[in-house]
Each structure stands twice: as C-alpha cells, then as structure tokens.
Colleague: 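Quick one: the structure is below, questions incoming.
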Amino acid sequence: MPTFLGQNQYGKAENRVVKITRDGATHHIKDLNVSVSLSGDMDEVHYSGSNANVLPTDTTKNTVYAFAKEHGIESAEQFGIHLARHFVTSQEPIRTARIRIEEYAWERIAASGEAEHSFVRKGQEVRLTQITYDGTSWEVVSGLKDLVVMNSTDSEFWGYVKDKYTTLKEAHDRILATEVSGRWRFNWTDDEQPAPDWETSYDQVRKHMLQAFAETYSLSLQQTLYQMGARIIDNRGEIDEVRFSLPNKHHFLVDLEPFGLKNDNEVYFAADRPYGLIEATILRDGCEARIPVDLTNL
C-alpha cells in the first residue's frame, strides 16, 4: 500500500536558560524552559535521509542561549517572538516555528546589607506561553499551570441528578479547591499591530482570574470557571479566548461521631484522586475557538 508523509516537525525541547541582569548591586532573574519546534520543507530528510534542509537541533539550542545574551529576556512572550521570527526568516526551508516556554518565578529575599542578589523560588505557579509564526501572522497563547486556590466557604453543590448509584450528599457549605491550568489567546496577530505589554497583561489576567475565583459565590465549579474566564475577557481587550482545565480537589468532612465529636465544617480529608475534572472555553462574542481542547497537547 502506498504511503506518504504527513505533518512533521522537529526541534530541541526543554532548553533551560537562566538570564541574570545586573543593575549595579541589584540583580534580576529570568528562568525559562524553552522548546523549539520547526516545520517546513522536510520531505527529503524523511524519504532519503538528506539533511540538506535541516538546521541541527543543537543549533536551535545554541540560538536560545545566544538570544538570551543578544536580546535579553524582557518577557517570555517577547523572547519567543524573537526566536520564532529568526528561525522562519533566516532559514528558507523553515515555514513555521513554534516556541513553547515555561517560566519559573523567583522573588527577592529581604536581607541586611545593600546587595539585592538573593532569591527564593516561588512555588505558586508556572507561567506559560506558546508562540507560533508562519512568516506572515502570529499566534500567541499564554497561560499558567499548577496554581492551587481554595475557598473555605461560599460554595455549595446540590440539586444535581441522582440515580441508584448516587451516594454523594448535597452540600450547602463546602470547600472549593482546584489547581488551575489555563490558557488565553491574544488577538495580536500582525507586526503592524501594537503588541501588548506582555508582563502587564500576565499580571492583570492573573489578578482578574483570582478575583473572580474569590468573589464568586459558587453553586458549581463550572459557574466559577465561567466567571474567571469572563472576568478576563471583560477586562483585557487584548484577549479573545480563555480555556481552563480545573480539577476539583475534593475535601470531605471527616466523620468524628465515633469519637463523640461534632464536626462543624472544621476537619476535612483532602483527597488527591479520583477528582472531578471541569474544562471549558470562554470566548469574546464573535470570536472562534482556537485553543486546543486537550491542554496537554499545548
């Protein structure tokens, strides 16, 4: 049976680069994990093994480190844009470049003395971005993962469908906790458009997302998810689409009656699995969804 080559790409994954910017005695850190993926005129390397159109993956790795020096790292998004533009415009066989970046945050340690060069790794979340460039248009999808949040009250769950297998009791005061994995797509697609302030945008998106989580009196995690996405789109004009994957990190009241104790919503068992998994996309009116449904492939 005849065969032919389908979609293909190659590159160097997970290039860890730490850039220190020295402003006198005060230092600043950018800590990134950068993955480069390139596609284009690559049929012959698959059919005959000819490497004539192949830029070595080792070269893409070296480019990441050289660009950290040459361009600095203003933001994960801007760094990814520099890389994607370079690979597409400098290598004729390359038609599309996709740059995926994870950013790990550090905060300064307050210490005596004038030097400000000591840091502790923040453990709250990992910042993400994916830059795709085809020589004409851009797609920037940013986000975060591993952000654990909790409301200790103002959450209920009742009125749901019940059948012969249902054992869950209705709750009119429960803990609502989740580990947020979210992506948002920018409507910046063209070099002729003014680019967003990527750092400000991330900070503001995170702020609105957390405010919506905290301020929504929740009757379901789905309701909370929608409010989080809607708050972002309503307040950030540069974003057209938001997708969340929210595992419901269940907290079950412990039965203390065998010990003669009343558990008045005070002592819980935190279950890590199984967990409810709530996922949805929120869109600006008139826009189409482009963020993949399965975030593990983004």
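Just so we're clear, the structure is a prediction, and the values are computed from it rather than from any experiment. All residue numbers refer to positions in the sequence shown, counting from 1.
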Colleague: What are the two closest non-hydrogen atoms of Y160 and K169, and how far apart are they?
Modeller: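 Residues Y160 and K169, closest heavy atoms: OH-C, 3.2 Å.
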Colleague: Backbone N or O of R290 within a donor-acceptor pair of the E241 side chain at under 3.5 Å?
Modeller: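 Yes, the answer is positive, given that a donor and an acceptor are paired below the 3.5 Å cut-off.
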Colleague: Say whether, by atom type as modelled, one donor and one acceptor occur between the side chain of N51 and the main chain of V54 under 3.5 angstrom.
Modeller: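 No; zero donor-acceptor contacts below 3.5 Å.
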Colleague: Whether the side chain of R183 engages the backbone of V242 through a donor-acceptor N/O pair (distance < 3.5 Å, no angle test) should be reported.
Modeller: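 Side chain of R183 to backbone of V242: no pair is present.
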Colleague: Restricting to non-hydrogen atoms, name the atom on T281 and the atom on A289 that form the minimum distance, rounded to 0.1 Å.
Modeller: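 Smallest interatomic distance, heavy atoms only, reads CG2-CB, 4.4 Å.
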Colleague: For the side chain to side chain contact (heavy atoms under 4.5 Å, CB included) test, which of I233, I239, D240 pairs with W184?
Modeller: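 Answer after filtering I233, I239, D240: I239.
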Colleague: For I73 and A68, which heavy atoms make the closest approach, and how far apart are they?
Modeller: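 Where I73 meets A68 most closely, the heavy atoms are CD1-CB, 4.3 Å.
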Colleague: Got a second to check how far L38's CG is from T57's OG1, nearest 0.5 Å?
Modeller: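 Answer rounded to 0.5 Å: 9.5 Å.
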Colleague: Check whether Y275 and L221 end up in the same hydrophobic cluster, where Ile, Leu, Val, Met, Phe, Trp and Tyr are linked by side-chain heavy atoms less than 4.5 Å apart.
Modeller: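 Cluster IDs for Y275 and L221 differ.
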Colleague: Can E279 and S245 be counted as having a side-chain donor-acceptor contact under 3.5 angstrom?
Modeller: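 Per modelled atom types, E279 and S245 side chains form a pair under 3.5 Å.
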Colleague: Measuring from L147:CG to Q124:CD, what's the distance to the nearest 0.5 Å?
Modeller: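 Going from the CG atom of L147 to the CD atom of Q124 covers 6.5 Å.
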Colleague: Can you check whether V267's main-chain N or O pairs, donor with acceptor, with N263's side chain at less than 3.5 Å?
Modeller: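 Confirmed, N263 side chain pairs with V267 backbone.
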Colleague: Test R231 against E215 for salt bridge (charged side-chain N to carboxylate O under 4.0 Å, His left out), laying out the working first.
Modeller: CA-CA 11 Å; R231 181 85 67 100; E215 295 172 6; 3.0 Å; yes
Colleague: Between the side chains of R98 and T132, is a donor N or O closer than 3.5 angstrom to an acceptor N or O?
Modeller: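 Note: R98 and T132 side chains miss the donor-acceptor criterion.
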Colleague: What distance separates I99 CD1 from L32 CG, expressed to the nearest 0.5 Å?
Modeller: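 Between I99 CD1 and L32 CG, I get 12.0 Å after rounding to 0.5 Å.
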Colleague: With sequence neighbours left out, write down each residue that passes side-chain contact (heavy atoms from CB on, under 4.5 Å) with D203, or none if nothing qualifies.
Modeller: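 If we apply the side-chain contact (heavy atoms from CB on, under 4.5 Å) test to D203, skipping adjacent residues, there are no hits.
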Colleague: Would you call E288 and R185 a salt bridge, taking side-chain N to carboxylate O under 4.0 Å as the test?
Modeller: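 So E288 does not pair with R185 through a salt bridge.
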Colleague: Please determine, by modelled atom types, if T200 and Q204 share a side-chain donor-acceptor pair under 3.5 angstrom.
Modeller: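 Side-chain D/A pair, T200 to Q204: absent.
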Colleague: Anything under 3.5 Å between a donor and an acceptor, one on a side chain of residues 86-97, the other on a protein residue two or more places apart or in another chain? List them.
Modeller:
unit_1: T89; atom_1: OG1; unit_2: R85; atom_2: O; d: 2.6
unit_1: S90; atom_1: OG; unit_2: H86; atom_2: O; d: 2.6

Colleague: Indicate yes or no for a side-chain donor-acceptor contact from K249 to the backbone of P247 under 3.5 Å, with no hydrogens or angles considered.
Modeller: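 No; judged by distance alone, with no hydrogens or angles, the pair does not exist.
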Colleague: Answer yes or no on whether K69 is positioned over the face of F67, meaning its NZ or CZ is under 6.0 Å from the six-membered ring centre and within 45° of the axis.
Modeller: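 No; the conditions do not both hold, so K69 does not lie above the ring face of F67.
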Colleague: Within the 3.5 Å criterion, strictly below it, is a donor on S35 or R100 matched to an acceptor on the partner's side chain?
Modeller: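 No, no side-chain donor-acceptor pair sits under 3.5 Å.
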Colleague: Which value, rounded to the nearest 0.5 Å, describes the distance between L219 atom CG and E156 atom CD?
Modeller: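 Between L219 CG and E156 CD, I get 5.5 Å after rounding to 0.5 Å.
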Colleague: Are T129 and S142 close enough, and set up right, to give a side-chain hydrogen bond (donor to acceptor under 3.5 Å, both in side chains), and what steps lead you there?
Modeller: CA-CA 4 Å; T129 193; S142 294; 2.9 Å; yes
Colleague: What pair of heavy atoms forms the shortest contact from G229 to F244, and how long is it?
Modeller: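 That closest heavy-atom pairing would be N-CE1, 3.6 Å.
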Colleague: Do side-chain atoms of H46 reach the backbone of M42 as a donor and acceptor pair under 3.5 angstrom?
Modeller: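 At least one qualifying donor-acceptor pair exists.
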Colleague: Measure across G143 and Y202 and return the closest heavy-atom pair with its distance rounded to 0.1 Å.
Modeller: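 Of all heavy-atom pairs spanning G143 and Y202, the closest is O-CE1, 3.6 Å.
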Colleague: Between atom CD of E125 and atom CZ of R206, what is the distance when rounded to the nearest 0.5 Å?
Modeller: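 Going from the CD atom of E125 to the CZ atom of R206 covers 4.0 Å.
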Colleague: Any side-chain to backbone donor/acceptor pair from N15 onto K12? Under 3.5 Å, distance only.
Modeller: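 Checked: pair present.
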Colleague: Between W198 and F186, is a ring-ring contact (aromatic ring centres under 6.0 Å, His included) present by the stated rule, with each step listed?
Modeller: CA-CA 10 Å; W198 306 109; F186 292 88; 4.9 Å; yes
Colleague: May I ask you to decide if E170's main-chain N or O and H172's side chain share a donor-acceptor pair within less than 3.5 Å?
Modeller: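 Side chain of H172 to backbone of E170: no pair is present.
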Colleague: Can you tell me how far the CE atom of M228 sits from the CG atom of L246, to the nearest 0.5 Å?
Modeller: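 So the gap between those two atoms works out to 5.5 Å.
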Colleague: Between the side chains of S218 and T224, does any donor sit under 3.5 Å from an acceptor?
Modeller: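 Indeed, the side chains of S218 and T224 share at least one donor-acceptor pair under 3.5 Å.
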Colleague: Between S201 and E238, does a side-chain hydrogen bond (donor to acceptor under 3.5 Å, both in side chains) hold up when you go through it step by step?
Modeller: CA-CA 8 Å; S201 182; E238 72 273 23; 2.6 Å; yes
Colleague: If we count only N and O atoms by modelled type, under 3.5 Å, do the side chains of D190 and W138 hold a donor and an acceptor together?
Modeller: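 Absent: no donor and acceptor within the cut-off.
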Colleague: Assess R127 against Y104: is NZ or CZ under 6.0 Å from the centre of the six-membered ring, and within 45 degrees of the ring's axis?
Modeller: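 Judged by the rule, R127 and Y104 form no cation-pi pair.
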Colleague: Same hydrophobic cluster for F213 and I278, using side-chain heavy-atom links shorter than 4.5 Å among ILVMFWY?
Modeller: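 In one cluster with F213: I278, yes.
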Colleague: Please enumerate all residues that pass side-chain contact (heavy atoms from CB on, under 4.5 Å) together with D272, with sequence neighbours excluded.
Modeller: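 With neighbours one apart ignored, the set is empty.
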Colleague: Test E74 against K30 for salt bridge (charged side-chain N to carboxylate O under 4.0 Å, His left out), laying out the working first.
Modeller: CA-CA 9 Å; E74 177 185 328; K30 282 290 189 179; over 6 Å; no
Colleague: Under the salt bridge (charged side-chain N to carboxylate O under 4.0 Å, His left out) rule, what do K19 and D31 come out as? Steps first, then yes or no, please.
Modeller: CA-CA 7 Å; K19 175 68 165 64; D31 184 353; over 6 Å; no
Colleague: Where do Y268 and I175 land on the side chain to side chain contact (heavy atoms under 4.5 Å, CB included) test, with the steps shown first?
Modeller: CA-CA 9 Å; Y268 297 83; I175 286 176; 3.6 Å; yes
Colleague: Indicate yes or no for a side-chain donor-acceptor contact from N151 to the backbone of T153 under 3.5 Å, with no hydrogens or angles considered.
Modeller: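 Here the side-chain-to-backbone pair does not exist.
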Colleague: For the side chain of H250 and the backbone of G276, is there at least one donor-acceptor N/O pair under 3.5 Å apart?
Modeller: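 Yes; judged by distance alone, with no hydrogens or angles, the pair exists.
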Colleague: Tell me, yes or no, whether the heavy-atom count around R121 atom CZ, taken from other residues, nucleotides or ligands under 6.0 Å, exceeds 12.
Modeller: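 Yes, because the 6.0 Å sphere around CZ of R121 holds more than 12 heavy atoms from other groups.
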Colleague: For the residue pair N62 / T59, report whether a side-chain donor-acceptor contact shorter than 3.5 Å exists.
Modeller: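 No, no side-chain donor-acceptor pair sits under 3.5 Å.
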Colleague: Is the shortest side-chain heavy-atom distance between R22 and I20 below 4.5 Å?
Modeller: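 Sidechains of I20 and R22: in contact.
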